[in-house]
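Heads up, the thing below is written out as structure tokens.
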Amino acid sequence: MSEDLKMEKVYDPSQVEGKWYPYWEEKGYFHADVDNAKEPFSIVMPPPNVTGALHLGHAIDSTIQDILTRFKRMQGYNTLWLPGTDHAGIATQAKVEEQLAKEGTNRHELGRDKFLERVWDWKREYGGRITGQLRRLGASCDWSRERFTMDEGCSEAVRKVFVDLYNKGLIYRGNYIVNWCPHCHTTISDIEVEHVDREGHLWHLRYPVKDSEEFLVVATTRPETMLGDTAVAVHPEDERYQHLIGKTVLLPLMNREIPIIADDYVDREFGTGAVKITPAHDPNDFEVGLRHNLLSISVMDREANMNEEAGKYQGMERYAARKAIVKDLEDLGVLVKVDNHQHAVGECYRCSTVVEPMVSKQWFVKMAPLAKPAMEVVKEGLMEFVPDRFAKIYLGWLENIRDWCISRQLWWGHRIPVWYCEDCGAEICVQVDPESCPKCGSKQLKQDPDVLDTWFSSGLWPFSTMGWPEDTPELKQFYPTSVLVTGRDIIFFWVARMVFMGLEFMKDVPFKKVMIHGLVLDAQGRKMSKSLGNGVDPLEIIDQYGADTLRFMLITGNTPGNDLRFHPERLEATRNFANKIWNASRFVLFNLQDFAEGPRGDLKLEDRWILSRYEETIDEVTAALDRFDLGEAARLLYEFIWNEFCDWYIELAKGRLYDKEHPEARHTVQSILLEVLEGTMKLLHPYMPFITEEIWHNLPVTGESIMIQAWPQVKGYQDSSAEKQMNQIMEVIKAIRNIRAEMNVQPGKKAEIILVAPEQETLGVLEMGKDSIRLLAGGSQVDVVASLEVKPAQAASAVLEGVEVYLPLRGLLDLDKEIARVEKEIAQAFQEQSRLAGKLNNEGFVAKAPEQVVAKEREKLEGINGRIGALQVRLAELKEA
RNA sequence: GGGUUUGUAGCUCAGCUGGUUAGAGUACCGCGUUGACAUCGCGGGGGUCGGAGGUUCGAGUCCUCUCAAACCCACCA
């Protein structure tokens, strides 16, 4: 290998990847102009949490977006991939609180303003980490437009949206039962509660009916809440309890008199058919309470410890209280029995603490009017899910949606833009901080202490990042975006909210397509999580194998929407592919050093074949990318590069490349190698941006970067007869290799190959492919003779359709073995023959199957008949010998 | 309780709108290092497509039922 070609024998991504990203960025290739006549293609990046470190979920998500972006950019679109980060309320606040805890202090000691300063400091210090990591992955996003959900513009958008919705009556404040996380000290929305099946108990408690000898037995999974019971409910038609409806029971321990009410909500089959009602600690009971005007008595505080309403249990933690209460009830003889019972427990998605339903005054978004149009756009096809099955999940959720609790008892986030007048009690919701009360003029205003759910601002992301509420050129050019790429786990959290916010404020969908991908699971098929410790750090993979390998590996072996299991072995396979590309390129480049542009000479069969296959690959890869089938496109490229270009074409090219006698033939091969390699590198570039850029720069082509080259187009090289003929030659070569391996004829050994074709046409093809056969079936030591006559006897043979292959083995041939082999082949051929004949004798098949299919089967039958004839002749010869 | 997905070679997965002898990677066996690559080349063994039934000239590919696994949704206390 020449010294001046600076390509190492083994591809080392660490030598290559570092230099190209800064180059691309400096050249401004990622930047999208607004005043561009080209058709736009835009994607907004799902903003990762500022607290986050890149994990494989981001890696797959970003890789998909980058592939689409690079593909479209090369296709000539005005391409914008808009990046940014999310302030991630709870997560970020928790990080900084941890930090404070280490310093021996907490946010309350620090005070709100100081605390927020600390969070901003933290953000400034660590917020750039993840974007740096995305750069290492090769993400070609427009960093000049990077946004943050808490930056000025996005905050402005949040305020405007809140105020508008408030004025329309779509945001309201009310006392309702919400999910309270005693650990995070905030409310969370319904979808932030994870229901987990847990083994629990069903306690049966006996409540005495007042002025009666009777008892009413209720069943509960949470006996501690009985302290807050304000009724017992039975089904209105339950005969067992008809006479008790309207009476009262005496609540044990509390000695409170509470009514027996009738409500449809009660399931007669479950438990005893009588339910204790605790409106303050159960969402259903809360509803019942509203219907029956019941008192709501909260017995716990914000830590989920028992409060002053809990009598002697005050101050106890809720589970300790449960224990104590059960014991006391048992002592009182109130506990009838305890059954084991499995039920779903709601846990906080962040900290897995059991959520406590609590009644409190919170802000809500009224969902029904917003959900309706968000469903319609999907039903009408204005917005498409890929794969479309996710549309069903999306619609199902919106169908049954409840109002969205958006206030959070945190400090880090968008503060709710509502002030309360301390003098007249007015509620003031305005975009600009008010100086005084518009009602009474008082200056005693107090802003609502809560902040908004993080997803409230994320929901505005597709337009807030483009400058809304200003009417910007960005919005004109890039909204609605072309496609949203995200994991199936945030369809509800994020996708749905962007849709109704987009429709409400932009009067258009935020994206035309939503491409949903699966999750990256570990080798056992489990979700990767911190608690399991089974996470894999993408950066370590990049260090070890390179970003290209990681990207390609994440995309292949996977179909759209399905989860991907992470198997480290696959990294090696992909790395080997990168190395293969590298070495094929090294070979081509080495042989291109004296290359000068000029017209090609005559094309040989293999030339026409590879050019045809190349163009077919262009078509197929482009089509697969167009339908977001990234795994399929990757597979096609892998196979073309390795199994066709490397295994066959490069090997065949060697003959002419090394032939010093015929420089024009060498030039022709060089020219084809260059065209196909360059084009293939372009097709591969979206997947493996670094290695393709490196190789491309070594090629004798002009231009600054592969990433701004035009996507390959077909020129009309497709040639089905070349493909067919080449396939025949390849079959012959494989047959020869097979015989040689079986007969143990070493590759270097001198040998003669005799090919017999019964037809002139086939003979012509063989003549055409003789050089190839010689080259790939044994090297220069092999003589290939093609003939119309049947010849050798002392030979190992293979009978193909239309061609017989003979490898003469003077005296070495084990006749019995060869006869047995031929007989076996005949038997197999007969089997195939009868299968085909059966098919063609079936009247239904001939009558109903398409002509083409029938013709194909006929052709096959003819082929097999010919082959059987040849085999039989061969067998007869062998037996004579 | 409802829904979705998955079940194809030892392992991990492809197989599009039904039509060659069901593919790849990996693992395994045999052969092979003078000039792209041993992170390689050549050859080979290995599956009848979870099970049953059906539609069809024809099914891994459509329908029904069934078994198994994963996930999502759901207010049965």
Side-chain angles (χ1 to χ4, degrees), chain A residues 1 7 9-11 191 195 202 218-222 225 233 265-267 269-272 274-278 282-288 341 343-344 357 389-390 392-393 396-397 400 488-489 491-492 518-519 521 523 525-527 556-559 561-565 567 569-570 572-591 623-624 627 629 631-632 635 638-639 642-643 646-647 650-651 654 658 734 737-742 744 746-748 776-777 828 831-832 835-836 839 842-850 852-854 856-857 859-860:
Chain A
M1 181 69 54
M7 288 177 82
K9 194 165 159 182
V10 171
Y11 177 59
I191 45 175
H195 294 274
L202 195 57
V218 299
T220 179
T221 53
R222 304 194 54 203
T225 62
Y265 149 70
V266 179
D267 177 355
E269 309 298 316
F270 189 87
T272 60
V275 193
K276 60 188 266 316
I277 301 294
T278 323
D282 182 281
N284 297 309
D285 293 7
F286 180 79
E287 298 290 327
V288 174
H341 179 64
H343 63 136
R389 70 181 125 98
F390 291 104
K392 234 170 124 178
I393 294 175
W397 186 69
N400 304 307
R488 56 144 222 267
D489 51 334
I491 294 176
F492 306 147
L519 277 31
L521 308 175
R526 300 171 305 179
K527 259 190 208 176
T556 45
N558 189 237
T559 27
N562 285 356
D563 291 346
L564 176 80
R565 281 197 199 194
H567 283 269
E569 309 89 82
R570 295 193 48 231
E572 278 168 45
T574 311
R575 183 222 27 211
N576 294 353
F577 176 54
N579 192 244
K580 187 74 181 177
I581 297 165
W582 182 252
N583 275 291
S585 305
R586 237 162 46 99
F587 172 82
V588 171
L589 284 163
F590 172 64
N591 286 291
R627 57 171 197 269
D629 200 346
E632 174 68 2
R635 207 201 93 240
Y638 181 99
E639 288 188 348
W642 203 317
N643 304 336
C646 292
D647 286 352
I650 285 186
E651 291 308 318
K654 286 177 180 172
Y658 298 155
K734 284 183 202 164
R737 284 171 173 170
N738 185 333
I739 298 174
R740 291 175 64 109
E742 245 176 66
N744 223 351
Q746 307 294 325
L776 294 198
Q828 280 170 349
Q831 222 176 17
E832 177 69 2
R835 198 183 63 83
L836 288 165
K839 216 169 177 183
N842 181 337
E843 279 172 36
F845 175 73
V846 180
K848 292 186 183 173
Q852 277 184 323
V853 176
V854 179
K856 217 170 163 184
E857 299 295 297
E859 208 178 301
K860 271 192 285 182

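Order of the sequence lines fixes the chain letters, A, B, ..., with proteins taken first and strands second; residue numbering starts at 1 for each chain. The analysis underlying the following values was restricted to heavy atoms, covering all of them including side chains, and did not include hydrogens, waters or symmetry mates.
A:Phe286 comes within 4.0 angstrom of no nucleic acid atom, judged by non-hydrogen atoms across all strands. A:Lys392 comes within 4.0 angstrom of the backbone, heavy atoms only, and of no base. A:Thr278 comes within contact range of no nucleotide atom at all, as no heavy-atom separation falls under 4.0 Å. In this structure, A:Lys527 reaches the sugar-phosphate backbone alone: every heavy-atom distance under 4.0 Å involves primed, P, OP1 or OP2 atoms, never a base. Note on A:Glu843: nothing from the nucleic acid sits closer than 4.0 angstrom, heavy atoms only. At the heavy-atom level, A:Asn842 lies under 4.0 Å from the strands shown only through sugar-phosphate atoms. No contact: A:Val588 has no heavy atom under 4.0 Å from any strand.
Separating the P atom of B:rU17 from that of B:rU39 is a span of 40 Å, rounded to the nearest Å. The same atom, P, is picked in B:rA24 and in B:rG44; the two are 11 Å apart, to the nearest Å. Between the C1' atoms of B:rA27 and B:rC67, the separation comes to 30 Å (whole Å). Taking the P atom of each, B:rG18 and B:rC63 are spaced 11 Å apart, rounded to whole Å. Nucleotides B:rA14 and B:rG30 are separated by 32 Å at their P atoms, to the nearest Å. Rounded to whole Å, the separation between the P atoms of B:rU33 and B:rA52 comes to 49 Å. Distance noted for atom P between B:rG2 and B:rC16: 30 Å (whole Å). Annotation: B:rC65 and B:rA70 have their P atoms spaced 22 Å apart (nearest Å).
The phosphate of B:rU39 (OP1 or OP2) has no side-chain N or O of A:Asn583 nearer than 4.0 angstrom. Between A:Thr574 and the phosphate of B:rG25, there is no side-chain N or O to OP1/OP2 separation shorter than 4.0 Å. Listed pair A:Trp642 / B:rG41 meets the phosphate criterion, a side-chain N or O lying under 4.0 Å from OP1 or OP2. Taking side-chain N and O atoms only, A:His341 has a distance below 4.0 Å to OP1 or OP2 of B:rA77. Contact between the side-chain N/O atoms of A:Lys839 and the OP1/OP2 oxygens of B:rG19 is not found at any separation under 4.0 Å. Side-chain N/O atoms of A:Tyr11 include none lying less than 4.0 angstrom from OP1 or OP2 on B:rC40.
One atom, CG of A:Asn558, and another, C1' of B:rA14, lie 10 Å apart when rounded to the nearest Å. In this structure, CZ of A:Arg627 is placed 6 Å from C1' of B:rC16, rounded to the nearest angstrom. A straight line from CZ of A:Phe577 to C1' of B:rC40 spans 15 Å, rounded to a whole angstrom. The nearest whole Å value for the distance from the CD atom in A:Glu569 to the P atom in B:rU26 is 11 Å. One interatomic measurement links the two molecules: CG of A:Asn579 to C1' of B:rU39, which rounds to 5 Å at whole-angstrom precision. Distance, A:Asp489 CG to B:rU5 C1': 15 Å, rounded to whole Å. One atom, CZ of A:Arg740, and another, P of B:rG43, lie 12 Å apart when rounded to the nearest Å. Regarding A:Asp563, its CG atom lies at a distance of 11 Å from the P atom of B:rU6, rounded to whole Å.
Nearest nucleotide to the side chain of A:His195, out of B:rA74, B:rA36, B:rG19: B:rA74. Closest to the A:Asp647 side chain, of the nucleotides B:rU6, B:rG19, B:rC42, is B:rC42. In the set B:rC37, B:rU12, B:rA36, B:rU12 carries the atom at the smallest distance from any side-chain atom of A:Arg570. Of the candidates B:rA14, B:rA36, B:rA77, B:rA14 carries the atom nearest the A:Arg635 side chain, counting heavy atoms from C-beta on. Among the nucleotides B:rG15, B:rG43, B:rU5, the one closest to any side-chain atom of A:Asn562 is B:rU5. You'll find that the side chain of A:Asn738 is closest to B:rG43, out of B:rC37, B:rG43, B:rA77. For A:Lys9, whose side chain is taken as the heavy atoms from C-beta onward, the closest listed nucleotide among B:rA77, B:rA36, B:rA38 is B:rA38. Taking the side chain of A:Arg737 as heavy atoms from C-beta on, and the options B:rG43, B:rA36, B:rC73, the nearest nucleotide is B:rG43. Here the side chain of A:Tyr658 is nearest to one of B:rC72, B:rG35, B:rU6, namely B:rG35. Closest to the side chain of A:Arg488, from the set B:rC40, B:rC71, B:rG25, is B:rC71.
Salt-bridge check for A:Glu632 with A:Arg635: passed, with a basic side-chain N closer than 4.0 Å to an acidic carboxylate O.
Judged by distance alone, with hydrogens and angles left aside, A:Glu639 brings no side-chain donor or acceptor close enough to the base of B:rA14 to form a pair under 3.5 Å. A donor-acceptor contact under 3.5 Å links the side chain of A:Lys580 to the base of B:rC37. In the interface, the side chain of A:Arg575 is paired with the base of B:rU39 through a donor and an acceptor atom under 3.5 Å apart.
Side-chain atoms of A:Asn583 never come within 3.5 Å of backbone atoms of A:Val10 as a donor-acceptor pair (strictly under, hydrogens ignored). With hydrogens and angles disregarded, no donor-acceptor distance shorter than 3.5 Å links the side chain of A:Asn562 to the backbone of A:Gly518. Looking only at distances, a side-chain donor or acceptor of A:Arg570 sits under 3.5 Å from a matching main-chain atom of A:Thr556. Under a 3.5 Å cut-off, the side chain of A:Asn738 and the backbone N or O of A:Lys734 do not form any donor-acceptor pair. No donor-acceptor distance shorter than 3.5 angstrom exists from the side chain of A:Asp629 to the backbone of A:Ala624, with no hydrogens or angles considered.
Checking B:rU33 for Watson-Crick or G-U wobble geometry (two distances, each under 3.5 Å) identifies no partner in any strand. Shown here, B:rC71 forms a base pair with B:rG3; the pair counts as Watson-Crick or G-U wobble because both key distances fall under 3.5 Å. The pairing partner recorded for B:rA77 is none, the criterion being a Watson-Crick or G-U wobble arrangement whose two distances lie under 3.5 angstrom. If you check B:rG60 for Watson-Crick or wobble pairing at under 3.5 angstrom, you find it has no partner at all. The partner of B:rA24 is B:rU12, by the rule that a Watson-Crick or G-U pair needs both atom distances under 3.5 Å.
Ranked by how close their nearest RNA chain B nucleotide is to the 5' end, A:Asn576 and A:Ala573 are led by A:Ala573. In terms of position along RNA chain B, the nucleotide closest to A:His567 lies nearer the 5' end than the nucleotide closest to the other residue of the pair A:Gly844 and A:His567.
Residues A:Leu776 and A:Arg737 form a side-chain contact, since some pair of their non-hydrogen atoms from C-beta on lies under 4.5 Å apart.
Ring planes of A:His341 and A:Phe270: perpendicular class, angle over 60° (limits at 30 and 60°).
For A:Glu639, the CD atom is densely surrounded, since the number of other residues' heavy atoms within 6.0 Å is greater than 12.
Judged by the 6.0 Å distance and 45° axis criteria, A:Lys580 is not positioned over the aromatic ring of A:Tyr638.
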